[in-house]
Amino acid sequence: FWKTENDNDKFEAFSTLYFVLSEFTKVAAPFIPFITDYIYGQLRLDHKLVQKDSVHLDQFPLVQDVSEEEKALEKEMDMIRGAIELGRELRERMKIRIRQPLSRIFIGTDSGRNVDESASLEILEELNVKKVEFLPKEQMARFTIKPNFKKLGRAWGAQMKELQQKLQRLTQVQIKNILEGQSFEMLGRKMTSDDFQIDLSPADTFKFETHSNGEVVVALDPEITDSLMQEGVAREVVHHVQRLRKEMDFNVEDRIILSIDVDQKTRQKLKGFSEMIENETLSRVQWVSLDKNDSIRAEIDDQVFCFNLACSGDS
C-alpha cells in the first residue's frame, strides 16, 4: 500500500482487502450488529459485494468449496510461513538482527522444488535476504533419535540398550512420522514422540546451521559482506527516522525533508542507499552538516548520526 504506482499488484491488494472486510463484516453482523452496520455503510462503494441499505439485509456468506488448486496453494503457503518463522528463530539464535540483510537462505523440502515467484519474494522481504535456494531436505539435515532416558530409564531397564540399537535403524521417514505424532510399537510396547529426544543435525556435506519444524528445514548464510553491512546501517537509519516521524507527530502520508549528518566516510558509503531511504520514509534526503544543537543525535553501529526532519509541503 506504500507503493506510489497504480499497478496491478496494488489493485489486487486493495481488491483482496475489500473482499475480506466486506465478507467478514457480514459474518460478524449477528454478534456485533451496530459496528458492523456502520462498517458496511462505509464500504458501500457501488460494488456488488456491498449494495444493500444495511448489512442485516444482505445475504450471510456461504461456505465455499476449496478446489484442489487452492488446497495445493494453501499447503505451499503453510510451508512458506513455516520457513519464515523458522528463519526468524534462526536469526535470533545466531544473534543477527532482522534489519541486517543476508545474502541467502536455504530451504529444504521433501521434493526440493521451487515455489512461484511471489512466494519467493515474500520470503526475501520477510527475512531480509537477497536470494532463496530450495534443496531436497536430506541434502541439508538429518534427524537423530534417542530414548528419553528420564522418562524411559526405569521402565525399560535392561532393554534400553536393545531399544537404542533399534532406534539407530529407523529411517528418516520413520523418525519424521514419530516427530509428527504417529505412535508405533517397539519391542512389544506402544510408544509416542514423548518417549524420544529427536534432534536435527546438519548433513555432513552441508556447512550451515539448520533449523526445522519437521516439514521444512532452513539455513541462513551468515557471511556479511561490506555491502550488506552498509545496507544494514541504511535500514537502521530508516528505522530511526520512522520512529522520529512518529514522535514528531507527522501524518503517515506526510512527505518530509530529511537532513542527515554523519562522518564523510560513512556518508559516501550510504549515499548509494539514498533512494531506498527516501522510498521507505517518504522523504527527500539531504546529506549536509548540521548544527548539533538543532538536530537529533543517534548512534547506529558505533556511528554518530544527526537528523533533522521538516515537512516538505508535498502531498
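All values below come from the heavy atoms of this structure, side chains included, with hydrogens, waters and symmetry mates left out.
- Distance CD1/I175 to CZ/R142: 7.5 Å, rounded to 0.5 Å.
- When all heavy atoms of E223 and S103 are compared, the pair lying nearest together is O-OG, 4.4 Å.
- Between the side chain of N308 and the backbone N or O of D294 there is at least one donor-acceptor pair closer than 3.5 Å.
- Hydrophobic cluster membership differs between V238 and L127, with clusters built from Ile, Leu, Val, Met, Phe, Trp and Tyr side chains linked at under 4.5 angstrom.
- I257 CD1 to R284 CZ: the interatomic distance, rounded to the nearest 0.5 Å, is 4.5 Å.
- With hydrogens and angles disregarded, a donor-acceptor distance shorter than 3.5 Å links the side chain of E278 to the backbone of V285.
- Proximity of P147 to Q164: side-chain heavy atoms (C-beta onward) are separated by under 4.5 Å at one or more points.
- Within 6.0 Å of CD in E69 there are 12 or fewer heavy atoms belonging to other residues, nucleotides or ligands.
- In this structure, E74 does not pair ionically with K71, as no charged nitrogen and carboxylate oxygen lie closer than 4.0 Å.
- Aromatic ring orientation, F206 versus F106: perpendicular (interplanar angle above 60°, classes split at 30° and 60°).
- Using a 4.5 Å cut-off on side-chain heavy atoms (C-beta onward), F273 and V233 make no contact.
- Listed by first then second residue, pairs satisfying side-chain hydrogen bond (donor to acceptor under 3.5 Å, both in side chains) with a partner in residues 27-41 read D37-S54, Y40-D58, not counting sequence neighbours.
- V55 is not connected to F34 by any chain of hydrophobic side-chain contacts under 4.5 Å among Ile, Leu, Val, Met, Phe, Trp and Tyr, and they are in different clusters.
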(request) Please step through side chain to side chain contact (heavy atoms under 4.5 Å, CB included) for the pair I39 and L21, ending with a clear verdict. (result) CA-CA 9 Å; I39 295 172; L21 283 174; 5.8 Å; no
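- Taking the side chain as every heavy atom from C-beta outward, D194 and N148 never approach each other to under 4.5 Å.
- When the shell of 6.0 Å around CD of Q165 is examined, it contains more than 12 heavy atoms from other residues, nucleotides or ligands.
- No donor-acceptor pair closer than 3.5 Å links the side chain of Q139 to the backbone N or O of P136.
- Between the CD1 atom in I84 and the CE atom in M77 there is a gap of 7.0 Å [rounded to 0.5 Å].
- Residue G108 comes nearest to M140 through the heavy atom pair N-SD, 3.3 Å, listed as atom of the first residue, atom of the second, then distance.
- The shortest distance between side-chain heavy atoms of Y18 and L45 falls below 4.5 Å.
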(request) Start with the C-alpha gap between F208 and R104, add the side-chain angles, then the distance that decides, and say whether side chain to side chain contact (heavy atoms under 4.5 Å, CB included) holds. (result) CA-CA 11 Å; F208 301 112; R104 54 183 173 168; 4.0 Å; yes
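- Contact check for E89 versus R93: no side-chain heavy atoms found under the 4.5 Å cut-off.
- Taking all atoms of both residues into account, the shortest heavy-atom contact from E162 to L187 is OE2-CD2, 3.3 Å.
- Heavy-atom neighbours of E299 CD from other residues, nucleotides or ligands within 6.0 Å: above the threshold of 12.
- Using a distance-only test at 3.5 Å, with no hydrogens or angles considered, a donor-acceptor pair links the side chain of Q100 to the main chain of L228.
- The closest side-chain heavy-atom distance from R91 to N128 is below 4.5 Å.
- Of all heavy-atom pairs spanning V50 and S22, the tightest one is CG2-CB, 3.5 Å.
- Here the side chain of N8 pairs no donor or acceptor atom with the backbone of F11 at under 3.5 angstrom.
- A salt bridge is defined here as a Lys NZ or Arg NE, NH1 or NH2 lying under 4.0 Å from an Asp or Glu carboxylate O, and R81 with E85 fails to meet this definition.
- Of all heavy-atom pairs spanning L86 and V218, the tightest one is CB-CG2, 3.5 Å.
- E231 contributes atom CD, which lies 5.5 Å from atom CE of M276 (distance to the nearest 0.5 angstrom).
- L309 and V252 are members of different hydrophobic clusters when ILVMFWY side chains are connected at heavy-atom separations under 4.5 Å.
- Heavy atoms of other residues, nucleotides or ligands lying less than 6.0 angstrom from CG of D204 number 12 at most.
- A 6.0 Å sphere centred on CG of D291 holds more than 12 heavy atoms belonging to other residues, nucleotides or ligands.
- Under a cut-off of 6.0 angstrom, the local environment of CD in E70 is crowded, with over 12 non-hydrogen atoms contributed by other residues, nucleotides or ligands.
- By the ring-ring contact (aromatic ring centres under 6.0 Å, His included) test, F250 is found to be paired with no residue, residues two or more places apart in sequence or in another chain being considered.
- Salt bridge R44/D53: present, at least one basic N to carboxylate O contact under 4.0 Å.
- The 12-atom threshold is exceeded at CZ of F149, counting heavy atoms of other residues, nucleotides or ligands nearer than 6.0 Å.
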(request) Apply the test side chain to side chain contact (heavy atoms under 4.5 Å, CB included) to residues L163 and L152: give CA-CA distance (whole Å), side-chain angles for both, the deciding distance (0.1 Å), then the verdict. (result) CA-CA 10 Å; L163 173 62; L152 303 180; 4.0 Å; yes
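- The backbone N or O of N251 sits less than 3.5 Å from a side-chain atom of R245, completing a donor-acceptor pair.
- With a 4.5 Å cut-off on side-chain heavy atoms, L270 and W287 count as touching.
- Following chains of ILVMFWY side-chain contacts shorter than 4.5 Å, one can reach I35 starting from L43, so the two form part of one hydrophobic cluster.
- Distance check, rounded to the nearest 0.5 Å: OG of S274 to CD1 of I260 gives 7.0 Å.
- F24 and F19 fall into different hydrophobic clusters, where Ile, Leu, Val, Met, Phe, Trp and Tyr residues are linked whenever their side-chain heavy atoms come under 4.5 Å apart, directly or through other members.
- By the 4.5 Å heavy-atom criterion applied to side chains, R267 and D261 are counted as neighbours.
- The CG atom of L258 sits 11.5 Å away from atom CG of L282, with the distance rounded to the nearest 0.5 Å.
- More than 12 heavy atoms of other shown residues, nucleotides or ligands fall within 6.0 angstrom of atom CD in E247.
- Heavy atoms only, all atoms of each residue included: L290 and C306 are closest at CD1-O, 3.5 Å.
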(request) Any chance you could lay out the side chain to side chain contact (heavy atoms under 4.5 Å, CB included) test for V241 and I277, step after step, and finish with the verdict? (result) CA-CA 9 Å; V241 173; I277 296 172; 5.5 Å; no
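- Between E126 and R88 there is a salt bridge, since a side-chain N of the basic residue sits under 4.0 Å from a carboxylate O of the acidic one.
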